[in-house]
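Protein chains get the first letters and strands the later ones, always in sequence-line order, with residue 1 at the start of each.
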Number of protein chains: 2
Amino acid sequence: MHESNESSARLVCVNVMDFTDVSLTALRVFRAVAEQGTSTAAAASLGYTQSAVSRQTAAIERVAGAELLERRRDGVRLTAAGRVVMRRAAVVLDEIDATARELSGLPGEAGTVRLG
Amino acid sequence: MHESNESSARLVCVNVMDFTDVSLTALRVFRAVAEQGTSTAAAASLGYTQSAVSRQTAAIERVAGAELLERRRDGVRLTAAGRVVMRRAAVVLDEIDATARELSGLPGEAGTVRLG
DNA sequence: CGGTTTTACGGAGCTCGTAACCATT
DNA sequence: AATGGTTACGAGCTCCGTAAAACCG
């Protein structure tokens, strides 16, 4: 377990979660929301319900420790932190997909291996 | 867990899972095992038990659809596919960590707390 | 044997969908 | 009312640790 020895400052939030506790599902959901502009559309495109998407975005904001989406009348909009996360999430998810392609032997990138 | 009746055919994968179903925990565990050489050492370094590590590596091999670790007397060794996954996993996990660092250095619009 | 990985079981926790609720136009 | 997001609850699944078994020199 991670116990900080730093003595004096003892506050933080209720939960001791940082971004490393994020899940790939949360990243995918967040990307979909950012791309589609509304949770509803994202939910439809992922085969989830609105509420599932809402909980996932809430979760990723919790581990990020910041608001990533600005709620507006006609959907959501990325905040500054949201854009940061979005860029990183794209890298992560693309890498996962690239791995999947590479493993299945499909044309993905340089360095594809042939599993015998 | 979903075993076939062992009639005659040697079916490879009963579950329809590809690498996109991998979890970050599995990637972390796999990296630790690859770096440390044994599941036991990896377990200790992660605060898990041996069995948890074993299940995670089994899981990642299942979604990868290939053996990633060659079991040997004194631990494990990466296969060709294992090295592929290892390289990709490093990218993914580093990106996650980088995001965490970047976010903790951001002037978040809510909930930023200065310790000390 | 000695060291390692794997499997069976039970419980804790997470995530989903349904459904109800909130907020703004 | 309509649209979009949020929250409460119960069901199902996943994951862990413990403990026992299976491998392999």
Side-chain angles (χ1 to χ4, degrees), chain A residues 1-2 14-64 67-79 82, chain B residues 1-6 14-64 67-79 82 110-111:
Chain A
M1 281 285 274
H2 315 295
V14 201
N15 277 347
V16 209
M17 288 253 219
D18 62 343
F19 195 78
T20 56
D21 293 324
V22 79
S23 77
L24 288 177
T25 337
L27 292 181
R28 288 202 186 89
V29 167
F30 177 69
R31 178 176 62 173
V33 170
E35 283 174 350
Q36 317 240 352
T38 71
S39 296
T40 315
S45 80
L46 292 171
Y48 286 168
T49 58
Q50 282 181 26
S51 71
V53 168
S54 178
R55 283 189 302 261
Q56 289 288 350
T57 51
I60 199 175
E61 284 183 322
R62 190 169 61 245
V63 297
E67 293 255 329
L68 305 180
L69 297 172
E70 177 189 350
R71 276 75 173 174
R72 320 182 85 230
R73 275 277 16 91
D74 52 344
V76 296
R77 175 168 293 202
L78 284 177
T79 65
Chain B
M1 62 173 180
H2 337 303
E3 66 282 350
S4 55
N5 252 355
E6 185 110 23
V14 231
N15 274 351
V16 219
M17 285 237 195
D18 61 343
F19 195 77
T20 56
D21 293 324
V22 78
S23 78
L24 288 177
T25 340
L27 292 180
R28 288 203 185 89
V29 167
F30 177 69
R31 178 175 62 172
V33 170
E35 283 174 351
Q36 317 240 352
T38 71
S39 295
T40 315
S45 80
L46 291 171
Y48 286 167
T49 58
Q50 292 176 21
S51 71
V53 168
S54 176
R55 283 189 300 261
Q56 289 289 349
T57 51
I60 199 176
E61 283 184 322
R62 191 169 59 245
V63 297
E67 293 258 328
L68 305 180
L69 298 171
E70 177 189 350
R71 276 75 173 175
R72 318 181 87 226
R73 169 66 183 81
D74 53 343
V76 296
R77 200 178 189 85
L78 283 178
T79 65

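- A heavy atom lying under 4.0 Å from DNA chain C marks the following residues of residues 42-55 of chain A, by number: Gly47(A), Tyr48(A), Thr49(A), Ser51(A), Ala52(A), Arg55(A).
- Look at CZ on Arg72(B): it is 15 Å from C1' on dG3(C), rounded to the nearest Å.
- Listed in residue order, the members of residues 20-38 of chain A having a heavy atom less than 4.0 Å from DNA chain C come to none.
- Across the protein-nucleic acid pair, Glu67(A) atom CD and dG5(D) atom P stand 14 Å apart, rounded to whole Å.
- Between the CD atom of Glu70(A) and the P atom of dG4(D) there is a distance of 17 Å, given to the nearest Å.
- Between Gln56(B) and dT14(D), a side-chain N or O to OP1/OP2 separation shorter than 4.0 Å is absent.
- A pairwise comparison of heavy atoms in Thr20(B) and Asp18(B) identifies OG1-OD1, 2.7 Å as the closest pair.
- Val22(A) and Leu24(B) make their closest contact through O-CD1, 3.3 Å (heavy atoms, listed as atom of the first residue, atom of the second, distance).
- At dA23(C), none of the side-chain N or O atoms of Arg71(A) fall inside 4.0 Å of OP1 or OP2 (strictly under the cut-off).
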What pairs of donor and acceptor atoms, side-chain ones from residues 49-57 of chain A against any protein atom, are under 3.5 angstrom apart with sequence neighbours left out?
{"residue": "Thr49(A)", "atom": "OG1", "partner": "Ser51(A)", "partner atom": "OG", "Å": "3.4"}
{"residue": "Thr49(A)", "atom": "OG1", "partner": "Ala52(A)", "partner atom": "N", "Å": "3.4"}
{"residue": "Thr57(A)", "atom": "OG1", "partner": "Val53(A)", "partner atom": "O", "Å": "3.1"}
{"residue": "Thr57(A)", "atom": "OG1", "partner": "Ser54(A)", "partner atom": "O", "Å": "2.8"}

**Request:** Show the numbers, then the answer: is there a side chain to side chain contact (heavy atoms under 4.5 Å, CB included) between Leu78(B) and Leu69(B)?
**Result:** CA-CA 5 Å; Leu78(B) 283 178; Leu69(B) 298 171; 3.7 Å; yes
Check: residues 31-47 of chain B side-chain donor-acceptor pairs under 3.5 Å, at least two apart:
{"residue": "Gln36(B)", "atom": "NE2", "partner": "Ser45(B)", "partner atom": "OG", "Å": "3.3"}
{"residue": "Thr38(B)", "atom": "OG1", "partner": "Ala41(B)", "partner atom": "N", "Å": "3.0"}
{"residue": "Ser45(B)", "atom": "OG", "partner": "Ala42(B)", "partner atom": "O", "Å": "2.9"}

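- Every salt bridge (charged side-chain N to carboxylate O under 4.0 Å, His left out) that Arg71(A) has, sequence neighbours left out, goes to Glu61(A), Glu67(A).
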Please produce a list of atom pairs where a protein N or O lies less than 3.5 Å from an N or O of nucleotides 23-25 of chain D.
none

